[in-house]
**Q** 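Please see the structure below; I have some questions.
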Amino acid sequence: MKTLKVTMQVNDTRKVASDIQSWIGSTDPHSSSAGADYTQVGDKYYNVSLTFSVQSTMYPQIYTYLRDYNVQGSTGGKLLGFNETVQDVSNDYVDTQSRIKNYKGEQSRLLELLSHAQAVGDIVTIDQKLSEVEGNIETSEAHLNLLASQVTFYTVILNLQPIIPATPAPTPQAAPGWSVGQALAQAFAASLGFGQAVLTFLIWLLAFSIYVVPVVIIAWLVRKYRLHIARVVAPLFATSKTTIPPQHN
């Protein structure tokens, strides 16, 4: 029983996964997919994991194809891991066959005893034992079928990792030197900003003039009225001072 685990690093993992799936499917029509996983690890970059079940007779060809995949074309990648595990299940296979044979012999004897049993208690006991033996036969046959499928079809696990280009470090910019053009541009920008500030102030002043102008006119009128009253009253005070005789003790 063999299991092959292959890890590759390629530029476009999804394209490579599609190419390998198509090749294995056409090379081994009886192969089947046993699982697939796509995990996004960046913008347009994916980790891809594929599992195949391939015929043991086609396994050597698939083994060679995957081992040499990155040298067959301009994939821009490399082989990171290639690991094959082999498990000898011959003893397990033979032991399972032997157990099935023994269980079936016991089943035949129990069926023979059951056909001659008379007492109800004996029939129940034999029937219970027969059910247990038949259950063991089914379990052993299922295990034998699994072993047969594992030695007939091998598992191939393919892991694809993307090649993500490193982001280059930003180049430090040199401090610009002084120039007449730059000074003129800065002076013009400053004067333009000052002009905009003055214009903004005048616009605000014009907007609020409907409140400010009446107040200023009223204040001017009040002051003018007070000056007029002062000019009228001043001669009267002067006359009154000249007509009042001085007081003597």
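Values below: all heavy atoms of this structure, side chains included; hydrogens, waters and symmetry mates excluded. Source: prediction; values computed, not measured.
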**Q** Please report the interatomic distance CG(Leu111) to CD(Glu134), rounded to the nearest 0.5 Å.
**A**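 The CD atom of Glu134 is 7.0 Å from CG of Leu111, to the nearest 0.5 Å.
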**Q** To the nearest 0.5 Å, what is the distance between CD on Gln55 and CD on Gln61?
**A**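 The CD atom of Gln61 is 11.5 Å from CD of Gln55, to the nearest 0.5 Å.
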**Q** Apply side-chain contact (heavy atoms from CB on, under 4.5 Å) to the pair Ile164 and Val41, showing each step before the final yes or no.
**A** CA-CA 10 Å; Ile164 303 177; Val41 293; 4.3 Å; yes
**Q** Can you check whether Glu112's main-chain N or O pairs, donor with acceptor, with Ser115's side chain at less than 3.5 Å?
**A**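 Flag set: sc Ser115 to bb Glu112 pair under 3.5 Å.
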**Q** What heavy-atom pair brings Tyr46 and Pro162 nearest, and what distance separates the two atoms?
**A**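 Shortest heavy-atom contact: O-CD, 3.3 Å.
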**Q** Counting C-beta onward and ignoring hydrogens, is there a side-chain heavy-atom pair between Asp19 and Tyr69 closer than 4.5 Å?
**A**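 Side-chain contact under 4.5 Å: yes.
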**Q** Decide yes or no for Leu50 and Ile20: does some side-chain heavy atom of the first lie under 4.5 Å from some side-chain heavy atom of the second?
**A**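 When only atoms from C-beta onward are counted, Ile20 and Leu50 do not touch, as no gap falls below 4.5 Å.
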**Q** Just verifying a value: how many Å separate Leu66 CG and Ile24 CD1, rounded to the nearest 0.5 Å?
**A**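 Answer rounded to 0.5 Å: 5.5 Å.
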**Q** If I compare all heavy atoms of Leu4 with all of Glu84, which pair ends up nearest, and what's the gap?
**A**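 Heavy atoms of Leu4 and Glu84 come nearest at CD1-CB, 4.0 Å.
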**Q** Show the nearest heavy-atom pair for residues Gln107 and Ile137, with the distance to one decimal.
**A**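 Looking at all heavy atoms of both residues, the shortest contact is OE1-CD1, 3.6 Å.
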**Q** Can you measure from CG (Leu160) to CG (Asp12) and round to the nearest 0.5 angstrom?
**A**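 Answer for the CG-CG pair, Leu160 versus Asp12, is 10.0 Å.
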**Q** Report yes or no: does Ser18 contribute a side-chain atom to a donor-acceptor pair with the main-chain N or O of Arg14 at less than 3.5 Å?
**A**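 No: the side chain of Ser18 does not pair with the backbone of Arg14.
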**Q** What's the shortest heavy-atom distance between Gln161 and Thr13, and which atoms?
**A**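 Here Gln161 and Thr13 meet closest at C-CG2, 3.5 Å.
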**Q** In terms of side-chain geometry, is the basic nitrogen of Arg99 or Asp95 positioned less than 4.0 Å from the acidic oxygen of its partner?
**A**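 Not counted as a salt bridge, because no side-chain N and carboxylate O are separated by less than 4.0 Å.
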**Q** Restricting to non-hydrogen atoms, name the atom on Met1 and the atom on Tyr154 that form the minimum distance, rounded to 0.1 Å.
**A**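 The answer is CA-CE2, 4.2 Å.
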**Q** Please determine whether side-chain contact (heavy atoms from CB on, under 4.5 Å) holds for the pair Leu199 and Gln196, giving the CA-CA distance in whole Å, both sets of side-chain angles, and the decisive distance to 0.1 Å.
**A** CA-CA 5 Å; Leu199 183 59; Gln196 290 176 343; 5.7 Å; no
**Q** Can you name the closest pair of heavy atoms from Ser31 and Gly25 and give their distance?
**A**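 In this case the closest contact between Ser31 and Gly25 is OG-CA, 4.1 Å.
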**Q** Taking the ring centre of each residue, are Phe82 and Tyr63 less than 6.0 Å apart?
**A**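 Centroid separation for Phe82 and Tyr63: below 6.0 Å.
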**Q** Between the side chains of Ser49 and Asn47, is a donor N or O closer than 3.5 angstrom to an acceptor N or O?
**A**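 No - no donor-acceptor pair under 3.5 Å links their side chains.
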**Q** Out of curiosity, Glu106 CD to Lys129 NZ, how far, rounded to the nearest 0.5 Å?
**A**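 So the gap between those two atoms works out to 5.0 Å.
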**Q** About how many Å separate OG of Ser33 and CZ of Phe52, when rounded to the nearest 0.5 Å?
**A**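 If I round to the nearest 0.5 Å, the distance is 6.0 Å.
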**Q** Anything under 30° is parallel, anything over 60° is perpendicular, the rest tilted; go ahead and classify Trp23 against Tyr65.
**A**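 Trp23 and Tyr65: parallel rings.
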**Q** If you group Ile, Leu, Val, Met, Phe, Trp and Tyr by side-chain heavy-atom gaps below 4.5 Å, do Leu114 and Tyr103 land in one group?
**A**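 They do share one cluster, since a chain of ILVMFWY contacts under 4.5 Å joins Leu114 to Tyr103.
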**Q** Does the pair Glu141/Lys104 count as a salt bridge with the N-to-O cut at 4.0 Å?
**A**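 Salt bridge flag = yes for Lys104 with Glu141.
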**Q** Quick one: do Val10 and Tyr38 end up in the same hydrophobic cluster if we chain Ile, Leu, Val, Met, Phe, Trp and Tyr together by side-chain heavy atoms under 4.5 Å apart?
**A**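 Linked, Val10 and Tyr38 end up in one cluster.
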**Q** Is there a side-chain contact between Val6 and Leu79 in this structure, where contact means two heavy atoms from C-beta onward sitting under 4.5 Å apart?
**A**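 Yes - at least one pair of side-chain heavy atoms lies under 4.5 Å apart.
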